[in-house]
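Below is one structure, written out as structure tokens; the observations come after it.
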Amino acid sequence: MKDTIISTTPAASDDTNLEVKFTQADIDKAVADSVFAERLKFPSDTEMNALLTSSAQLNDMTARAEIAETKLTALSLGARPDCIYDVINLARFYVSDDVSLDNAIAAVIQKYPHFVGSNMAHSTPNLSTAMPFAPSLNSSLNGVEQAFAARNPWVKL
């Protein structure tokens, strides 16, 4: 670009007529300086992506810590390990401004005592027959029937 002269004339005061002249290079430099100053106010794209990634990781880790703390609270109040999620989900309905999650878990455990105790009392016993069914290798069952029989030995085909 060639240098062009742009003149501005301030308002006349006391018969003094001052004329300020700017070249195109002066205006380009002023614009570049103001753009640079504005860019310093905001993070760059890479910095913004790093901030978003770190804040997402922080939110994820915070959520995991809250879940772990809630599980620990349920276990410490006597909930069975196989019922922890049931207790926590029921307790979320009790949570309010006045009732904390810990108190809600305690209320659920008090209201539903079958969530408390050992896991062994509530497990299903293994049923067995005197003669378990096992298909013979020389049977006339096709592959699907053999796979079904292998997974369900108590069913006669």
Side-chain angles (χ1 to χ4, degrees), residues 1 4 6 8 22-157:
M1 264 188 217
T4 57
I6 300 172
T8 60
F22 297 100
T23 63
Q24 186 64 40
D26 294 336
I27 292 174
D28 291 343
K29 184 178 183 318
V31 169
D33 289 344
S34 67
V35 168
F36 180 73
E38 285 296 317
R39 285 189 180 170
L40 289 178
K41 292 181 184 177
F42 301 104
S44 68
D45 289 340
T46 56
E47 291 172 341
M48 186 60 86
N49 289 337
L51 286 172
L52 291 174
T53 303
S54 64
S55 87
Q57 289 174 345
L58 178 65
N59 290 341
D60 182 45
M61 295 308 258
T62 303
R64 286 183 182 193
E66 288 175 2
I67 290 170
E69 184 179 352
T70 305
K71 286 180 184 179
L72 183 61
T73 300
L75 286 173
S76 67
L77 291 174
R80 290 192 340 239
D82 62 329
C83 298
I84 288 178
Y85 292 110
D86 298 329
V87 171
I88 292 171
N89 287 332
L90 285 171
R92 291 185 195 270
F93 290 108
Y94 288 101
V95 174
S96 66
D97 293 337
D98 301 332
V99 179
S100 69
L101 186 60
D102 297 345
N103 293 338
I105 290 172
V108 167
I109 288 175
Q110 183 179 6
K111 186 171 183 177
Y112 303 103
H114 60 275
F115 288 137
V116 180
S118 69
N119 192 16
M120 298 305 290
H122 294 78
S123 64
T124 58
N126 290 333
L127 301 176
S128 65
T129 60
M131 189 173 191
F133 173 75
S136 66
L137 296 176
N138 297 330
S139 70
S140 63
L141 299 176
N142 67 19
V144 173
E145 292 171 336
Q146 287 178 355
F148 179 80
R151 288 189 177 195
N152 305 299
W154 60 88
V155 177
K156 277 193 161 185
L157 296 177

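One is the number of the first residue; the rest follow in order along the sequence. Atoms considered below: every heavy atom in the structure, side chains included; atoms not considered: hydrogens, waters and symmetry mates.
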Arg92 side chain vs Ala104 backbone, donor-acceptor pair below 3.5 Å: no
So, does Asn103 use its side chain to make a donor-acceptor pair with the main chain of Val99 at under 3.5 Å? no
Correct closest heavy-atom pair for His114 and Arg80 would be O-NH1, 2.7 Å
From CG (Asp102) to CD (Glu69), nearest 0.5 Å: 7.0 Å
Return the CG to OG1 distance between Leu75 and Thr70, rounded to the nearest 0.5 Å. 11.0 Å
Any side-chain heavy-atom pair of Phe115 and Leu90 under 4.5 Å: yes
Could you pull out the closest heavy-atom pair between Val87 and Ala79, with the gap in Å? CG2-CB, 4.2 Å
Quick one: OG on Ser55 to CG on Asp60, what's the gap to the nearest 0.5 Å? 11.0 Å
Verify whether one side chain among Asp26 and Thr23 offers a donor that lies under 3.5 Å from an acceptor in the other. yes
For Ile84 and Ala74, the nearest pair of non-hydrogen atoms, with its separation, is CG2-CB, 4.5 Å
Looking at OG1 of Thr73 and CD1 of Ile88, how far apart are the two atoms once the value is rounded to the nearest 0.5 Å? 8.5 Å
Looking only at atom types and distance, does a side-chain atom of Asn89 sit under 3.5 Å from a main-chain N or O of Tyr85, one as donor and one as acceptor? yes
Atom of Ala91, atom of Leu101 and distance for their closest heavy-atom approach: CB-CD1, 4.2 Å
Cut-off 3.5 Å, no hydrogens considered: what does the side-chain donor-acceptor table look like for residues 61-68, sequence neighbours left out?
from: Thr62; atom 1: OG1; to: Leu58; atom 2: O; distance (Å): 2.7

Got a second to check how far Lys29's NZ is from Ser34's OG, nearest 0.5 Å? 11.0 Å
